[in-house]
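Written below as structure tokens is the structure these notes are about.
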Amino acid sequence: MNEKIAQIEKKMLKDLEEVKDLKSLEKVRIAYLGKKSMLAELMKSIKDLSPEKKREYGPLVNALRASMQDKIAQKNDYFEDNFNALSEWIDVTAPGQRVTRGHLHPLTIVQRDIEKIFTTMGFVIADGPEIETEFFNFDAVNMPDNHPARDMQDTFWIHAEKNVRHVLRTHTSNVQVRYMQEHTPPFRMIVPGRVFRQEATDASHEHTFHQFETLVVGKSISVANFLHIAESFFSQFFHAEIKIRVRPSYFPFVEPGFEFDISCTNCEGSGCSTCQRTGWIEVGGAGMVHQNVFLAAGYEKNKYTGFAWGFGLERLAMMRYKIDDIRHFHGGDIRFATQF
Ligand code: FA5
């Protein structure tokens, strides 16, 4: 019996050494541990032995079976590991796939540049809601109900809540009185932000665009302050010497009010197709803050003076990057976005 056990073990070890894959390993397993294997026969023969012999050989046969199971399992693990490594094989010499990096949208670049220039001039950046009450968007800035100037800002009205009518803000001027209510002059601040108008879009008009507002309030602020700040800002923004021209205009929240133009960044004022040969490009609206706006904020009448201006961020970005259609900004065309 001893000899038989040793023989089976020796043979199995030899067969195991020759195994090259999982398939031939399975054959060895069946041959040595299967129902019709030599080991199975050996185990069967034990029951015919005398009780002493059973006690002697039983544990030996069991140990042989355990050792065989162990060795086959080890070999099985080895093949499984190897097999997985082969199926997950990577050619480390193959050229990689280039991962394209994201970058800032041109409007974000322009907004950050504007903020940087103004903060170095001592301005703070203020913020306000895009869904605004009728009061802050219109009434507070001297545009009461039925004021004809409301018509110029085609408005998206939102259902009234608790009898308060709301709008998608039509301009960043909605932050003027909000800010004044919480701050005491003197102050200088800017409000960059998204605004909405119910417009039929064209190359220079969008329904969703960005403006930025500038508001400076103190005891003796004048148009001269406005001209100086505006010239400094535009010259820094365009890295060129920019001149400002103001023309009388009407906005209910300023008195006097004006439109302002900058000298053409393309031809430096000599006249070209960008400025329709005038040498000037219209940029935005401005003026001295109307005393009614100060009153709406709770300030005493004629205690302060100030200037405000507002203009379109997209229009500025179009000038800087020579973009011919405002609709590119939100068009989602990756060929446009990747140029910046
Ligand atoms: C206003 O919105 C005033 N709140 C600006 C202002 C502020 C005046 C403070 C005086 C004092 P206006 O409607 O003109 O004004 O718009 C200002 C700028 O926003 C325009 O000059 C233009 O650059 C831009 N803009 C207006 N409508 C559109 C539009 N549909 N698409 C893109 N840009 C626009």
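All values below come from the heavy atoms of this structure, side chains included, with hydrogens, waters and symmetry mates left out. Counting starts at 1 for both ligands and their atoms, in listed order.
If you look at Phe136 and Tyr179, their ring centroids are not closer than 6.0 Å.
Residues satisfying the side chain to side chain contact (heavy atoms under 4.5 Å, CB included) criterion with Ser67, sequence neighbours excluded, are Glu9, Lys71. With sequence neighbours excluded, no residue forms a side-chain hydrogen bond (donor to acceptor under 3.5 Å, both in side chains) with Arg98.
For ligand 1, the protein residues placed under 4.0 Å by at least one non-hydrogen atom are Gln153, His171, Ser173, Arg197, Glu199, Ser204, His205, Glu206, Phe209, Gln211, Glu213, Phe251, Phe253, Val254, Val283, Gly284, Gly285, Ala286, Ala308, Trp309, Gly310, Phe311, Gly312, Arg315, Ile326.
Side-chain contacts under 4.5 Å among hydrophobic residues (ILVMFWY), followed directly or transitively, place Phe209 together with Val195.
Contact check on Asp113 versus Arg320 returns a salt bridge, with a Lys/Arg side-chain nitrogen under 4.0 Å from an Asp/Glu carboxylate oxygen. Between Asp127 and Arg178 no salt bridge is recorded (no basic side-chain N to carboxylate O distance below 4.0 Å).
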